[in-house]
Amino acid sequence: MTATDHYDRLLAEHYTWMLGGDIETAAAAQAELLRGLGLVPRPEEEAAAVDLGCGPGPQTLALAHLGFTSVAAVDTSAVLLDELMEHAGRSGTAQAVRPVHGDIRGVLPRLAAPGSVDAVVCMGDTLLHLPGRADVQELVADVAKALRPGGSFVATYRDLTRELHGLDRFIPVRSTADRILTCFLDYSDEDTVLVHDLLYTRRDGAWHLQTGSYPKLRLSPPWLTAQCQAAGLDVRRDEAGPRGMRVLHVIKS
């Protein structure tokens, strides 16, 4: 099963809950991260951004709140895009947001002319959902072409290159009175880890289990920064970030 299928079948309706249940709080945290990286347009600028793998919208809303006047929000899940636009309507940012239903692969040349985008973000493991390393290389090359000189690319992802063993492979995601999500990892090979999700939901006084699996790429930080540098992007930050995520920030020179 692909990541797209897995989200459509299992995770999309629970994604906001997985983030803590409050998109505005999640968006504020993303805005703080992006502001700290310098992704704040000048007030008089018409600034364009693209959010690759936007989900229900925390980083899209963050970009709009930071002053980007046009944010293309790309996701394969129509359910999550609909949710994003509901949040954007409530937060007063709907005018700046353009939902794009589709794969993040190959989308940038269709969305933007070369050198026209001020910022591209790809957050929350979206890079790891791509089928292979060649897809990551192609995406980075597309980002480099789309960005204007001085434009930023920000990605967050988990470094899954260190193999976990035994019970360390079991990771609690979130639990509340009516929902529990746990995942465990199988290391398929040097490039891939298979993620198994176990979701319990309580209805009518009984617990119900749904399960699903999908592959994630194992991308090492040195490999990913090398791809960015090969595409002509300058690495400004590459470090451990909040919630176990790696933060990569590169600039178009």
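Everything numeric here is computed off the predicted structure, so don't read it as measured data.
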Query raised in the report: Is any side-chain N of the basic residue among Asp159 and Arg218 closer than 4.0 Å to the acidic one's carboxylate O?
Result: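 Salt bridge absent between Asp159 and Arg218.
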Test item: side-chain donor near acceptor, [X] and [Y], under 3.5 Å:
X: Thr161; Y: Trp223; answer: no
X: Ser70; Y: Glu46; answer: no
X: Thr93; Y: Ser91; answer: yes

Query raised in the report: Given Arg98, which of Leu111, Val71, Val50, Thr60 fulfils the side-chain contact (heavy atoms from CB on, under 4.5 Å) condition?
Result: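 So, applying the side-chain contact (heavy atoms from CB on, under 4.5 Å) to Arg98 and each of Leu111, Val71, Val50, Thr60, only Leu111 qualifies.
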**Report entry** Residue list, salt bridge (Lys or Arg N to Asp or Glu O under 4.0 Å) with Asp118, at least two apart or on another chain
**Finding:**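 Scan of Asp118 (salt bridge (Lys or Arg N to Asp or Glu O under 4.0 Å), adjacent residues dropped) gives Arg148.
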Query raised in the report: Which atom pair, heavy atoms only, marks the closest approach of Leu66 to Leu39?
Result: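 For Leu66 versus Leu39, the nearest heavy atoms are CD1-O, 3.5 Å.
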Query raised in the report: Are His129 and Tyr7 an aromatic pair by the rule of ring centers under 6.0 Å?
Result: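 Close enough - the centres of the two rings lie under 6.0 Å apart.
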Report task. Using a cut-off of 6.0 Å, state whether more than 12 heavy atoms not belonging to Glu239 lie near its atom CD. Result ->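 Correct, the count exceeds 12.
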Sub-3.5 Å donor-acceptor pair from the side chain of [X] to the main-chain atoms of [Y], do we have one?
X: Thr225; Y: Pro221; answer: yes
X: Asp197; Y: Thr211; answer: no
X: Thr69; Y: Ala47; answer: yes

Requested in this report: Would you mind reporting whether Phe153 and His249 have side-chain heavy atoms less than 4.5 Å apart?
Outcome: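 Result no, sub-4.5 Å side-chain heavy-atom pair not found.
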Query raised in the report: Should His101 and Asp75 count as side-chain neighbours, where that means a heavy-atom distance under 4.5 Å?
Result: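 With C-beta onward as the side chain, the pair stays apart.
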